[in-house]
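Just so it is clear, the structure is predicted and the values come from calculations on it, not from any experiment.
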Amino acid sequence: MQKIMDINNSVFSYIVSNEKVNVFNEEKIFCNNRYYINHSQNTSVQIKKYRSKEIALIGFCIDSHCKISMDKITEAILLYSIEESDNIVDIYRFCNRFAGKYVIFWCDDTSSSTPVLWVFGDATCSLQINYVFLNNYFYVASSDNLISNHLNLKKDKNVEKIRKGSDLLQPLPYNITIFEKMYALLPNHVLNIQNKRVERVSISEEVCITPRNIDILIHDTIDLIKGITNEYYQNNKLVCPLTSGYDSRAVLAFLYNNNHNIECYTFKHNNIGEEMGDRFVPEQICETLGLKHHWIGEKQCDNEVKLGIQKIIGEHYADMIIDWAYMFKEKFPDRTMINGDIIGQICKSGFGNTIPYNLANSYYFQCKLHNKDKNTREEIKKHIEEIKKIRDGKYIYDLFAIESRLGRWASQREMIYSICGVKSLNIFNCREVILKWISIPRELRSQYIVHNIIFSDLLPQLSSIPFNTGQTNNLEIIAKKFWPLYYLGTFLKHFLKD
């Protein structure tokens, strides 16, 4: 575990600039030797060029349609930009079919003076894209602190106040980072490096408001996720996290469908009582399916190692995530974990329940971000205004789930895992899958229609084993069924919390 202090042993870690940067040992140059990709030895980088156009893909990317091999994806994007459209929104939407954890740089060097360089991420920006412009240079990186360590940037005093408004597990609002003039690129956005401009990609044109048949639509997503799971298996040694909840069980259904010998694990946190389902349901599931189950006991990372990691990522993140990475890495040094974040956020409509979208406001989203600093609401207002400006307001709850809960909250955990050398992927991280799920009315999603069809199709035995035993009280169950109670409860929970 001492090796994780060496940044070159990290995964999914990079910094890109028009200045030569020596953070990592590996370097690649693209766009006629204008730009440098500095990356860890365990981070894949593919570059493909044809005439004036060039693609650089950092990370792990596969085709959910199972028609384009991993080594041909950069070529496929390049050909699309040449033969079909070089409009960046079209290119972004062409990539809806891809899944994984990646960042794409698309360069058009037609101009003899200044090339056009666009940047965008995977469906949820699970591989972070932090960026800053300084004088004539730009810097884009998988961690905000990688850039700050290189440039010795100052922290933004107002953002520091926001950071203190919640615990360190919670994300910052909208696209701000702790550092002055540094921002995070959100999902559904593309960044133009030359113009220093960010554009939102609307989802209204892509979401089917009245799907012809919801059952068929869900089965379409099941087929896509099967393809994704198969591709993940071809390139990784997978292990499945398992709790007593719905999401990890959905992950297991797909992993088991591909491999009847998949191994499962559960973190045995000290604050979970013996009566809670997470203490016994995972073993019950594995016993039913004849699978090997591992308990990972709670441990703290060696202090010297933790301090070394904090020097890399900064001290503005929760150090318990380092402990979780340590616990996993010690148990499974060469495995890839599969998390269930996306299906939990979208398919249970947990961020907005069935609340009418005209009740979405900065006060509500501040409660969902669990941040009590007043400046938080000002950033949220900017986020709301941006969404409504392009008439995506009817999807505001789903967009906040994707862009805030996944694009900021989940991604900061993934960033820390990556720095610690833990490879973590999500079989649902595909924009085509997510947009199809958003097409399903939130009333149905909140009733777990997607989860239930997955269980019914892939692993019916899972439905007979109790869910979330001992974790949800009757009041919470009732509130989730009646949006006025859920809406009111969100505010009460926030303001009554110490």
Looking at side-chain heavy atoms only, is the closest gap between Y35 and F138 below 4.5 Å? yes

The salt bridge (Lys or Arg N to Asp or Glu O under 4.0 Å) partners of D373 (sequence neighbours excluded) come to none

Item checked: From CA spacing to verdict: salt bridge (Lys or Arg N to Asp or Glu O under 4.0 Å), K48, E54 -> CA-CA 6 Å; K48 189 74 176 180; E54 194 166 358; over 6 Å; no

Applied to residues 313-327, the salt bridge (Lys or Arg N to Asp or Glu O under 4.0 Å) test, sequence neighbours excluded, yields K306-D323

Any side-chain heavy-atom pair from L168 and Y317 closer than 4.5 angstrom?
-> no

| said: Using a 3.5 Å distance criterion without hydrogens, assess whether the side chain of K329 forms a donor-acceptor pair with backbone atoms of G421. | reply: yes

Contacts of C31 meeting disulfide (SG to SG under 2.5 Å) (sequence neighbours excluded), chain-then-number -> C107

- Query: Does a sphere of radius 6.0 Å around CG in N136 hold more than 12 heavy atoms from other residues, nucleotides or ligands, not counting ones at 6.0 Å or beyond?
  - Reply: no

TODO: Would you indicate whether the side-chain heavy atoms of W106 and S81 approach each other to under 4.5 Å?
DONE: yes

- Task: Look at the side chain of N8 and the backbone N and O of Q41, then say whether any donor-acceptor pair between them is shorter than 3.5 Å.
- Result: no

Extract all donor-acceptor atom pairs below 3.5 Å that involve side chains of residues 335-343 and protein atoms in other chains or at least two apart in sequence.
unit_1, atom_1, unit_2, atom_2, d
T336, OG1, N236, OD1, 3.3
N339, OD1, D341, N, 3.2
N339, OD1, N426, ND2, 2.6
N339, ND2, S424, OG, 3.2
N339, ND2, L425, O, 3.4
D341, OD2, R413, NH1, 3.1
D341, OD2, R413, NH2, 2.4

Exercise. Spell out, as yes or no, whether a donor-acceptor pair under 3.5 Å connects the side chain of D122 to the backbone of Y102.
Key: yes

Here the ring-ring contact (aromatic ring centres under 6.0 Å, His included) pairs for residues 419-445, sequence neighbours left out, are F428-W437

- Ignoring hydrogens and angles, state whether a donor on the side chain of K381 or N361 is under 3.5 Å from an acceptor on the partner side chain. no

Report task. Go through the steps to decide whether E414 and K101 satisfy the test salt bridge (Lys or Arg N to Asp or Glu O under 4.0 Å), and finish with yes or no. Result -> CA-CA 10 Å; E414 296 295 291; K101 181 182 286 191; 2.8 Å; yes

Problem set entry | Side-chain donor-acceptor contact under 3.5 Å, T354 with S446 | no

inquiry  = Under a 3.5 Å distance rule, please check whether S64 uses its side chain to pair with a backbone N or O of L224 as donor and acceptor.
reply    = no

(message) Can you confirm whether F133 is buried at CZ, in the sense that more than 12 heavy atoms of other residues, nucleotides or ligands lie under 6.0 Å from that atom?
(response) yes

Margin query: F105 vs F120, test: ring-ring contact (aromatic ring centres under 6.0 Å, His included). Steps then yes/no.
Written below: CA-CA 7 Å; F105 288 80; F120 59 90; 9.3 Å; no

task: Tell me, with the steps shown, if K53 and D109 meet salt bridge (Lys or Arg N to Asp or Glu O under 4.0 Å).
output: CA-CA 6 Å; K53 293 181 171 61; D109 200 11; over 6 Å; no

Apply salt bridge (Lys or Arg N to Asp or Glu O under 4.0 Å) to residues K157 and E180 and explain how you reach the verdict. CA-CA 8 Å; K157 292 182 179 179; E180 290 183 350; over 6 Å; no

| query | When you check the side-chain N and O atoms of Y139 and E19, is any donor under 3.5 Å from an acceptor? | reply | yes

Spell out, as yes or no, whether a donor-acceptor pair under 3.5 Å connects the side chain of N87 to the backbone of V89. yes

- Message: Between K493 (side chain only) and L488 (backbone N and O only), is there a donor and an acceptor less than 3.5 Å apart?
- Response: no

*Are F351 and Y397 close enough that their ring centres sit under 6.0 Å apart?*
no

Pairing donors with acceptors under 3.5 angstrom, does anything connect the side chains of Q128 and S142? no

(Q) Are F491 and Y363 an aromatic pair, judged by ring center distance below 6.0 Å? (A) no

For this session: Check for a donor-acceptor pair, side chain of D392 on one end and backbone N or O of I387 on the other, with a separation under 3.5 Å.
Result: no

Say whether, by atom type as modelled, one donor and one acceptor occur between the side chain of S40 and the main chain of S10 under 3.5 angstrom.
yes

| said: Tell me if the aromatic rings of Y357 and Y395 count as close, with their centers under 6.0 Å from one another. | reply: no

Residue pairs passing the ring-ring contact (aromatic ring centres under 6.0 Å, His included) test with at least one member in residues 162-199, sequence neighbours excluded, are Y174-H383, F179-H316

Could you tell me whether the side chain of C347 reaches within less than 4.5 Å of the side chain of H451, counting heavy atoms only? yes

Between the side chains of Q366 and N371, is a donor N or O closer than 3.5 angstrom to an acceptor N or O? no

